[in-house]
Amino acid sequence: MPVLAKLIIIMAAVFAVYWTFRIKKVMPMVINFGMVIGILLVMIPALKAFDAGLYIYMGFTALAFFYGLADRNRKLECRLVICLMSAGIFTYWLWVTMHWHGNTLLAPMFVLVVALAGIITKARVRSEAGFLFILAADAIALLLMA
């Protein structure tokens, strides 16, 4: 993994940890911490836990998707941003872990388009900004590695 990609993901993880202490909702806090733990397990080669970290990250990405589905207090556009971004990254990593061919550039681009659409429509995802920022940074890092 290139150094720039690692730096982008680590900066996103640091922002997510910072954002976790600023928000008061429990579920986004759990998703933030879970994704950060997965990132740390992947980024620290001395732990030799790349696969475990990737599966933890994928699990919390799936949890973010279900959180977006289940949160009935939000507008549809906010829920769509959460669900589509998390589904895009989950799909990418599923493709990579299963060694399927294709879609390796399509999924990260889709995630960035959804993030841009969320910014343009001013979707109110303040509590979820930590893990959505991680997902967007992951998509950017994946495109940099391609």
Side-chain angles (χ1 to χ4, degrees), residues 1-23 25-69 71 74 77-146:
M1 181 180 264
V3 176
L4 182 60
K6 282 185 179 181
L7 184 64
I8 289 171
I9 293 175
I10 289 172
M11 286 175 44
V14 168
F15 173 77
V17 169
Y18 164 74
W19 200 253
T20 299
F21 293 113
R22 300 229 4 182
I23 60 176
K25 294 178 95 177
V26 175
M27 201 60 192
M29 291 171 67
V30 169
I31 295 170
N32 285 345
F33 275 130
M35 285 185 172
V36 169
I37 289 170
I39 289 170
L40 289 176
L41 289 174
V42 168
M43 292 293 173
I44 301 173
L47 295 177
K48 297 181 181 177
F50 181 85
D51 291 339
L54 183 60
Y55 295 140
I56 289 171
Y57 180 76
M58 286 176 64
F60 280 97
T61 303
L63 183 63
F65 175 80
F66 291 118
Y67 168 74
L69 283 179
D71 192 9
R74 298 209 172 271
E77 63 187 18
C78 300
R79 294 170 58 199
L80 278 175
V81 168
I82 295 168
C83 289
L84 292 176
M85 284 182 71
S86 57
I89 291 296
F90 182 81
T91 302
Y92 173 83
W93 287 112
L94 181 67
W95 245 253
V96 170
T97 56
M98 294 298 184
H99 303 286
W100 295 336
H101 299 287
N103 293 337
T104 55
L105 290 178
L106 185 63
M109 282 192 254
F110 175 73
V111 169
L112 293 178
V113 167
V114 171
L116 183 64
I119 291 169
I120 290 172
T121 61
K122 297 179 181 172
R124 298 186 183 257
V125 287
R126 189 174 194 281
S127 298
E128 295 80 10
F131 67 81
L132 291 178
F133 198 74
I134 289 176
L135 295 174
D138 191 13
I140 292 169
L142 292 171
L143 289 174
L144 286 175
M145 290 190 311

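- Note that the CD1 atom of Ile9 and the CD1 atom of Ile39 stand 6.5 Å from one another [nearest 0.5 Å].
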field: Test log, rule side chain to side chain contact (heavy atoms under 4.5 Å, CB included), inputs Leu41 and Phe50
entry: CA-CA 6 Å; Leu41 289 174; Phe50 181 85; over 6 Å; no
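- Summarising the geometry, atom CD1 belonging to Ile120 is positioned 11.0 Å from atom NZ belonging to Lys122; distances are rounded to the nearest 0.5 Å.
- Note: Leu63 CG to Ile56 CD1 = 13.0 Å, rounded to the nearest 0.5 Å.
- Looking only at side-chain heavy atoms (C-beta outward), Trp93 and Val96 come within less than 4.5 Å of each other.
- Taking the six-membered ring for Trp and thresholds of 30 and 60 degrees, Phe15 and Trp19 have nearly parallel ring planes, at less than 30 degrees apart.
- Met85 contributes atom CE, which lies 11.5 Å from atom CD of Glu128 (distance to the nearest 0.5 angstrom).
- With contacts defined as side-chain heavy-atom distances shorter than 4.5 Å, the pair Val36/Ile134 qualifies.
- Atom-to-atom distance recorded for Ile82:CD1 and Tyr67:OH is 5.5 Å, nearest 0.5 angstrom.
- For the pair Gly88 and Phe110, the tightest heavy-atom approach, listed with the atom from each and the gap, is CA-CD2, 4.4 Å.
- Not one N or O on the side chain of Arg74 forms a donor-acceptor pair closer than 3.5 Å with the backbone of Gly68.
- For the residue pair Ile23 and Pro28, the shortest heavy atom distance occurs at CD1-CB, 3.8 Å.
- Arg126 places none of its side-chain heavy atoms less than 4.5 Å from the side chain of Lys25.
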task: Decide side chain to side chain contact (heavy atoms under 4.5 Å, CB included) for Met145 and Leu142; before the verdict, give the C-alpha distance in whole Å, the side-chain angles of both, and the deciding distance to 0.1 Å.
output: CA-CA 5 Å; Met145 290 190 311; Leu142 292 171; 3.6 Å; yes
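- The two atoms that bring Ala5 and Ala141 nearest to each other are CB-CB, 3.8 Å, heavy atoms only.
- Nearest heavy atoms, Cys83 versus Phe65: O-CD1, 3.3 Å.
- Taking the side chain as every heavy atom from C-beta outward, Thr61 and Phe131 never approach each other to under 4.5 Å.
- In plain terms, the two heavy atoms of Ala87 and Thr91 that are nearest each other are O-OG1, 2.6 Å.
- Heavy-atom minimum distance, Leu47 versus Leu40: CD1-O, 4.4 Å.
- At a cut-off of 3.5 Å, with distance as the only test, a side-chain donor of Asp138 or Tyr57 sits close to an acceptor on the other residue.
- Counting heavy atoms from C-beta on, the side chains of Met11 and Val14 never come closer than 4.5 Å.
- Checked by atom type and distance alone, the side chain of Arg79 pairs as donor or acceptor with a backbone atom of Asp71 at under 3.5 Å.
- The distance from atom OH of Tyr18 to atom CG of Asn32, rounded to the nearest 0.5 Å, is 13.0 Å.
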